[in-house]
There are 2 protein chains.
Amino acid sequence: MEVSERLQKVMTEMRYVPHAAARHLASRKTRVVGLLLNNLHNDFFVPLLNGVEAVVRQKGYNLIIATYHANIRNETQPPIGPHNTDGMLVFSDGLMDNDLIALNSLGFPMVLVHRTPPADAPIPSVTVENIEITKQLIEHLIRVHGRSRILFLRGPIHQEDSARRELGYRRALEENGIPYDEGLVLNGEFERNVSYAELNRFIENGGKGKFDAVFTGDDDAAIGVLRSLQAHGIRVPEEVAVVGFDDLGFAPFLNPPLTTVRAPTEAVGRIATEKLFSLLENDFSDGVVILPTEIVYRRSCGCAQATYS
Amino acid sequence: MEVSERLQKVMTEMRYVPHAAARHLASRKTRVVGLLLNNLHNDFFVPLLNGVEAVVRQKGYNLIIATYHANIRNETQPPIGPHNTDGMLVFSDGLMDNDLIALNSLGFPMVLVHRTPPADAPIPSVTVENIEITKQLIEHLIRVHGRSRILFLRGPIHQEDSARRELGYRRALEENGIPYDEGLVLNGEFERNVSYAELNRFIENGGKGKFDAVFTGDDDAAIGVLRSLQAHGIRVPEEVAVVGFDDLGFAPFLNPPLTTVRAPTEAVGRIATEKLFSLLENDFSDGVVILPTEIVYRRSCGCAQATYS
DNA sequence: TGAAATAATGTAACCGGTTACTGTAACCGG
DNA sequence: CCGGTTACAGTAACCGGTTACATTATTTCA
């Protein structure tokens with residue numbers, strides 16, 4: 001029997017597990033990758049985490065998850081970096097473009113998730129198509145369902161998905177001759193509770209009757225929107241059409257079933273992590289991947305039949 | 001200016017971040033805690049993670065998340081342990097009772113989540129009340145809605161919540177004179193996709209008409225159950241009443257709104273993590289915490305009115 | 001002002017592995 | 001049976017901090 005085999009056997013028998021810190025220190029490798037998120041207040045992260053974790057585990061690495069966002073960046077150091085990981089996935093607005101450039105110039109492997117790299121730093125990135133599909137989604141509300149006063153609940157201010165969806169929203173309005181109305185844009189933060197509160201506020205301050213559709217920004221916010229509309233006795237989709245984004249698992253079973261955009265979120269997590277490992281192992285990975293999205297038409301926009309009569 | 005202040009200043013100026021591995025090695029502390037999960041295929045983990053992560057961040061620690069379950073425990077070492085963390089939260093059937101006892105006797109701080117400690121190891125634990133509330137939930141179906149052929153989709157075989165909910169289910173049947181029928185228990189794994197497939201299989205193998213209610217085990221599985229029932233043209237709650245467990249954020253907005261048990265999952269995560277830190281900092285924490293649960297009655301069991309007529 | 005208390009600096013060992021290098025034993029083909 | 005290759009063993013330096021202790025500078029106050 002080879003020595004290495006015998007060694008393995010004895011190590012297992014004696015339940016010897018090498019001390020991670022000592023290995024890390026000596027080998028200058030942690031075998032840990034990090035995932036930096038703005039927050040965890042969204043069911044969106046479940047498929048993302050699944051994609052990430054599956055690849056990380058398969059590679060025998062560990063995964064550190066941390067939240068870090070723009071509001072705390074001046075108080076705290078980023079919890080993840082070259083000092084405790086071999087590389088990281090960035091889905092956070094806490095690291096600004098110049099932070100990314102600095103880390104990148106240090107040779108620290110990174111992959112951006114749902115975020116475009118800074119102009120002069122070739123950091124790989126994985127995201128989904130937002131602008132064109134959002135434009136189509138809004139145009140569907142306008143052309144098929146005759147809606148024109150479309151409320152938009154945007155997401156976090158620095159979040160790129162939010163900005164792009166807003167762009168698609170504005171383009172659709174523009175190309176269909178509907179003036180953009182600042183007053184119809186609320187801050188939903190892509191969170192069901194925030195969206196619920198914001199829409200309540202809007203409706204209770206005389207907003208009722210001022211809108212005939214809502215683009216909730218994402219599916220999680222759609223939950224808050226539906227709850228608020230229901231609480232105010234506004235019928236969906238008859239009085240107000242509602243559309244979301246992401247097609248989370250619950251979307252087909254909301255009341256009414258949610259028309260939304262199917263985003264391959266687990267694939268985003270998986271591909272981003274594979275890119276990160278390609279960077280770790282081959283020191284190379286190519287640029288920006290934009291995964292395709294598609295609209296799923298259900299009841300909440302006015303399409304299809306109500307399932308329960 | 002004090003020396004330590006000046007030091008801090010220079011450290012910030014020069015962007016010096018101490019190398020984690022070196023600190024860990026020298027100080028024998030990692031300032032990392034681990035969270036061991038069976039899997040991540042469930043929206044249930046979002047509130048749990050939120051509770052855990054909030055406390056971990058507030059304490060300035062890092063969080064490693066890993067999946068580990070009974071099916072892979074013979075192939076791989078647990079990814080989290082004394083070698084790379086200061087303590088861990090265990091929500092996993094991958095570590096057996098004797099593993100826990102071994103780790104505990106090493107003095108490794110652990111807190112069990114949704115799991116009762118082994119008889120002879122005083123490991124703190126945080127979970128929610130399952131048995132009595134499930135019994136009440138099933139009795140509600142029996143007594144208020146007159147159901148008697150109640151399908152149960154149990155969760156993972158070693159998962160304690162699943163076992164306890166099954167116990168509550170059986171007690172309710174027993175105390176109401178309904179014989180337990182093995183044929184009405186399916187393996188839903190607490191996963192929407194598995195539950196969907198299992199219920200489809202059941203219905204298509206002649207199960208249609210053999211049940212008038214479903215206890216889905218948890219809310220995530222409820223999504224699969226509702227989808228399957230809808231696909232087979234079975235009306236909820238008229239033909240089949242459906243109840244879940246957890247009261248995840250989407251539950252009030254399923255179609256129809258889901259009657260379920262409200263479980264304080266974020267609090268479980270928060271309290272469990274606080275217990276872990278109490279163990280880390282004071283080397284002490286007391287026993288088993290069982291958080292109370294309550295039934296939330298909505299449309300899917302037959303209570304309340306349909307929101308959309 | 002001088003002795004004691006306190007703060008700062010200097011030094012070396014150590015954490016538990018990895019890495020590189022040197023030396024010895026086993027193996028292989030001609 | 002020998003030279004050359006390969007497998008294994010032994011040794012020491014090193015990774016980048018922490019810790020403990022000894023030394024020197026500064027402050028405090030009788």
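Chain identifiers are assigned alphabetically (A, B, ...) following the order of the sequence lines, protein sequences preceding nucleic acid strands; residue numbering begins at 1 within each chain. What you see is a predicted model, and the numbers here were worked out from it, not measured in a lab. Computed over heavy atoms, backbone and side chain alike; hydrogens, waters and symmetry mates excluded.
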Below 30° counts as parallel, above 60° as perpendicular, anything between as tilted: where do the rings of B:F91 and B:F44 land?
perpendicular
May I ask you to check whether A:T30 and A:D86 show a side-chain donor-acceptor distance below 3.5 Å?
yes
Reading DNA chain C 5' to 3', how would its secondary structure be written in dot-bracket notation, given Watson-Crick and G-U pairs with both distances under 3.5 Å, brackets [ ] for crossing pairs and | for partners on other strands?
||||||||||||||||||||||||||||||
With a 3.5 Å cut-off and sequence neighbours excluded, list the donor-acceptor pairs that the side chains of residues 10-18 of chain B form with protein atoms.
unit_1	atom_1	unit_2	atom_2	d
B:T12	OG1	B:Q8	O	2.6
B:E13	OE2	B:K9	NZ	3.4

Round to a whole Å and report the spacing from NE2 of B:H24 to P of D:dG17.
11 Å
Provide, to the nearest angstrom, the distance between the CG atom belonging to B:L7 and the P atom belonging to D:dT18.
11 Å
Mind calculating the distance between NE2 (A:H19) and P (D:dG17) to the nearest angstrom?
16 Å
Salt-bridge present (B:R262, B:D246; N to O < 4.0 Å):
no
Residue set satisfying side-chain contact (heavy atoms from CB on, under 4.5 Å) with B:N187, at least two apart, ordered chain then number -> B:R154, B:E189
Could you pull out all residues at least two apart from A:E274 that satisfy side-chain contact (heavy atoms from CB on, under 4.5 Å)?
A:V55, A:R270, A:I271
Per-pair distances, 0.1 Å, donor-acceptor, side chain in residues 71-79 of chain A, under 3.5 Å, sequence neighbours excluded:
unit_1	atom_1	unit_2	atom_2	d
A:R73	NH1	A:G94	O	2.7
A:R73	NH1	A:D99	OD2	2.6
A:T76	OG1	A:I72	O	3.0

Show your working on side-chain hydrogen bond (donor to acceptor under 3.5 Å, both in side chains) between A:H69 and A:D93 and close with a plain yes or no.
CA-CA 5 Å; A:H69 50 83; A:D93 58 20; 5.5 Å; no
Filtered N/O pairs between nucleotides 10-12 of chain D and protein, under 3.5 Å:
none

Restricting to ring-ring contact (aromatic ring centres under 6.0 Å, His included), what partner residues turn up for B:F190, sequence neighbours left out?
none
Atom-pair distance (NZ on B:K29; C1' on D:dT19), nearest Å:
12 Å
Phosphate OP1/OP2 of D:dG16 contacted by B:Y16 side-chain N/O (<4.0 Å)
no
Give each protein N/O atom lying under 3.5 Å from an N/O atom of nucleotides 12-15 of chain C, with the pair distance.
unit_1	atom_1	unit_2	atom_2	d
C:dC15	O3'	B:R28	NH2	3.1
C:dC15	O2	B:A26	N	3.4

Determine which pairs satisfy ring pair (Phe, Tyr, Trp, His ring centres under 6.0 Å) with at least one residue from residues 20-41 of chain A, sequence neighbours left out, and list them in order.
none
Could you tabulate the donor-acceptor pairs under 3.5 Å formed by side-chain atoms of residues 115-123 of chain B, not counting sequence neighbours?
unit_1	atom_1	unit_2	atom_2	d
B:R115	NH1	B:S92	O	2.6
B:R115	NH1	B:L95	O	2.9
B:R115	NH2	B:L95	O	2.8
B:R115	NH2	B:D97	OD1	3.3
B:T116	OG1	B:E160	OE2	2.6
B:T116	OG1	B:R164	NH2	3.3

Over all atoms of both residues, closest heavy-atom pair of A:D43 and A:D220:
N-OD1, 3.1 Å
Rounded to whole angstroms, how far apart are CZ on A:R31 and P on C:dG17?
16 Å
Going by number, which of residues 76-84 of chain B have a non-hydrogen atom under 4.0 Å from DNA chain C?
none
Going by ring-ring contact (aromatic ring centres under 6.0 Å, His included), name the residues that satisfy it together with A:F277, two or more places apart in sequence or in a different chain.
A:Y61
